[in-house]
Amino acid sequence: MLGTVQFGLLAACVVLFVPMGMAGWHLSRNKVLFFSGALFITLAIGVHLTPYFPSVSDFVTSVSSSSSSNSVNVVVDDRDACVSLLHEIDWEVKPKRDFDPLNNNSMNYDKFWSWRRSTSVDSCEFQRLKKHDVMDLLNGSWIMVAGDSQSRIFALSLLTLVLDSKRLETVRESLFKRHSNYHIVVDEIGMKLDFIWAPYTTNLTNVVMDYKQNRVYPDILVMGSGLWHMLHITNASDYGASLLMLKSSLTSLLPITPDFSTDGPVTGSVSVRSPHLFWLAMPTLVNSMLNTPEKKEKMNNLMSGEYERELQSSNMLRQFGGPFQLLDIGSLSWSCGIRCTDDGMHYDGVVYEAGVHIMLNALLIESHQKL
Ligand SMILES: *[C@@H]1O[C@H](CO)[C@@H](O)[C@H](O)[C@H]1NC(C)=O
Ligand SMILES: *[C@@H]1O[C@H](CO)[C@@H](O)[C@H](O)[C@H]1NC(C)=O
Ligand SMILES: *[C@@H]1O[C@H](CO)[C@@H](O)[C@H](O)[C@H]1NC(C)=O
Ligand SMILES: *[C@@H]1O[C@H](CO)[C@@H](O)[C@H](O)[C@H]1NC(C)=O
């Protein structure tokens, strides 16, 4: 039965997509955006009418991958091109004016990041969102960040964009209680953020299973794992197997029919869609700076290379046909460099801040918005 429904919707979509793509080919960007808006509304109505339809975004993904391969659809190509350029970020790292040569830790350096200037990157018009824009975008959203300490810093960087400094200080204290969960509601914009301490991939799988049980899903789900596994289990193929389990639990449970309750489509621009999934990749490890002999031994370059390959071959990531959009802390931390870390593993907030802006721009692209 589901097969029939899926086929029907796929057919409807082809009917919609193909003429749009052809018409859109010579249309201005705004018109193309308008068409994609129309498509989205159609999809939303489709979801209302077929409450048991298993997977909106599977369906969107399958359409986008089939249409981008023969480049029938301009919108999708354009979006994919920009998504692939999101990590084109350059860093400027220089000593602070009051540089202390006796204590040359990362605090001694100022860091600035910006998107690389090039015609293709410029044409995507990425932007560092201001507080007001972030609040607009995340208005009414439920964000869940699950993982290890990297995820914790990422959550803090996100909150930095929406909270005032006083509130941020209290958040910082409670968020960094070791190995604990954290929940906050930002009343002004009805935004919820949950941080779930889940250092291993199996913990992430459990988080997903809990959603299944409770039948509630966040709008934005950011996950990441690997460092704990590398240090305590040190077995890349086992890590790969755990990723496959996470992936299959996700694809069977998510993407789900989003909860279009009462005022769904009118509020926050992000909240009306099925969950947006982001994978927070492991940072670049600077072996000589790791702070215990055990870490130096187990978390070596060879091992982190193997872990990275497992992530790729698990096909978790969008670029390999999987559910997660990559937030590549590995490349951001690598390009920021050793002056951006003190322990060779946790990087300065600014690295994760860049990751947050990448995520926000990805959300803008996905929801076809310009500010
Ligand atoms: C959030 O959305 C609500 C409902 O649409 C709106 O009334 C409110 O002004 C928005 N707040 C911000 C900060 O954008
Ligand atoms: C995470 O998983 C590990 C190993 O499976 C388990 O020992 C640990 O209790 C879990 N932690 C949490 C916070 O669920
Ligand atoms: C690594 O993990 C795999 C899969 O779980 C297992 O088959 C293998 O024996 C493990 N290797 C070592 C050296 O423990
Ligand atoms: C700090 O200083 C030491 C010795 O001068 C040097 O070897 C090291 O590379 C410096 N570290 C950073 C992060 O600049």
Side-chain angles (χ1 to χ4, degrees), residues 44 129-152 155 158-159 161-164 167 175-214 219-221 223-249 260-273 297-300 302-311 313-314 360 363-364 367 369-371:
L129 272 68
K130 301 209 176 54
K131 181 171 180 175
H132 175 81
D133 297 327
V134 178
M135 291 177 105
D136 238 19
L137 181 68
L138 300 180
N139 192 346
S141 310
W142 175 22
I143 302 167
M144 162 132 339
V145 182
D148 55 23
S149 48
Q150 306 282 324
S151 303
R152 205 187 281 278
L158 179 56
L159 289 172
L161 295 181
V162 292
L163 298 178
D164 57 53
R167 180 119 190 245
L175 186 58
F176 281 87
K177 287 213 182 83
R178 225 173 131 68
H179 303 179
S180 60
N181 297 345
Y182 180 73
H183 173 77
I184 183 174
V185 177
V186 183
D187 285 325
E188 303 91 289
I189 52 171
M191 181 191 106
K192 270 194 302 184
L193 183 140
D194 281 286
F195 169 77
I196 306 286
W197 172 245
Y200 292 103
T201 320
T202 48
N203 303 133
L204 296 175
T205 308
N206 288 340
V207 170
V208 174
M209 299 309 244
D210 285 349
Y211 288 148
K212 164 73 173 174
Q213 216 152 39
N214 303 332
D219 305 296
I220 300 172
L221 180 55
M223 291 184 153
S225 74
L227 294 172
W228 278 62
H229 195 286
M230 197 190 300
L231 180 61
H232 298 293
I233 301 177
T234 328
N235 178 341
S237 59
D238 187 73
Y239 177 63
S242 72
L243 290 176
L244 288 179
M245 261 163 57
L246 172 61
K247 186 180 139 197
S248 76
S249 73
F260 284 101
S261 55
T262 52
D263 56 353
V266 220
T267 53
S269 32
V270 171
S271 60
V272 297
R273 313 191 58 187
E297 186 204 325
K298 293 183 170 168
M299 309 179 90
N300 56 42
L302 193 68
M303 195 51 80
S304 30
E306 279 180 32
Y307 271 65
E308 208 167 297
R309 272 191 294 284
E310 289 295 335
L311 175 65
S313 59
S314 70
L360 296 173
L363 289 169
L364 282 176
S367 53
Q369 291 183 67
K370 292 265 157 206
L371 290 172

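Remember, it's a predicted structure, so these values are computed and weren't measured experimentally. In listed order, ligands and their atoms are each counted from 1. Positions are given from 1, in the same order as the sequence printed here.
- Among all non-hydrogen protein atoms, the one lying nearest atom 13 (C) of ligand 2 is Trp197 O, 3.6 Å.
- Using a distance-only test at 3.5 Å, with no hydrogens or angles considered, no donor-acceptor pair links the side chain of Asn181 to the main chain of Ile196.
- There is a protein heavy atom closer than 4.0 angstrom to atom 11 (N) of ligand 3.
- Looking at Asn139, Val134, Val162, it is Asn139 that brings a heavy atom closest to atom 6 (C) of ligand 1.
- Ligand 2 places these atoms under 4.0 Å from at least one heavy atom of Asn203: 1 (C), 2 (O), 3 (C), 8 (C), 10 (C), 11 (N), 12 (C), 14 (O).
- The contact set between ligand 1 and Asp136, taken as ligand atoms under 4.0 Å from a residue heavy atom, comprises 14 (O).
- The closest side-chain donor-acceptor pair between Trp142 and Asp194 falls under 3.5 angstrom.
- Remark: side-chain polar atoms of Tyr200 are not paired, donor with acceptor, to backbone N or O of Gly147 under 3.5 angstrom.
- Under a 4.0 Å criterion applied to the non-hydrogen atoms of Thr202, ligand 2 contributes the atoms 2 (O), 5 (O).
- The protein heavy atom nearest to atom 5 (O) of ligand 3 is Asp238 OD1, 2.8 Å.
- For ligand 3, the atoms closer than 4.0 angstrom to any heavy atom of Asn235 are 1 (C), 2 (O), 3 (C), 8 (C), 10 (C), 11 (N), 12 (C), 14 (O).
- Side chain of Tyr239 to main chain of Ser225: a donor-acceptor pair is present (N/O by atom type, distance under 3.5 Å, no hydrogens or angles).
- Formation of a donor-acceptor pair under 3.5 Å by the Asn300 side chain with backbone atoms of Glu297 is found in this model.
- In this structure, atom 2 (O) of ligand 3 has protein heavy atoms in its sub-4.0 angstrom surroundings.
- Of all non-hydrogen atoms in Leu159 and Met191, the two that sit nearest each other are CD2-CE, 4.0 Å.
- Taking the side chain as every heavy atom from C-beta outward, Leu243 and His229 never approach each other to under 4.5 Å.
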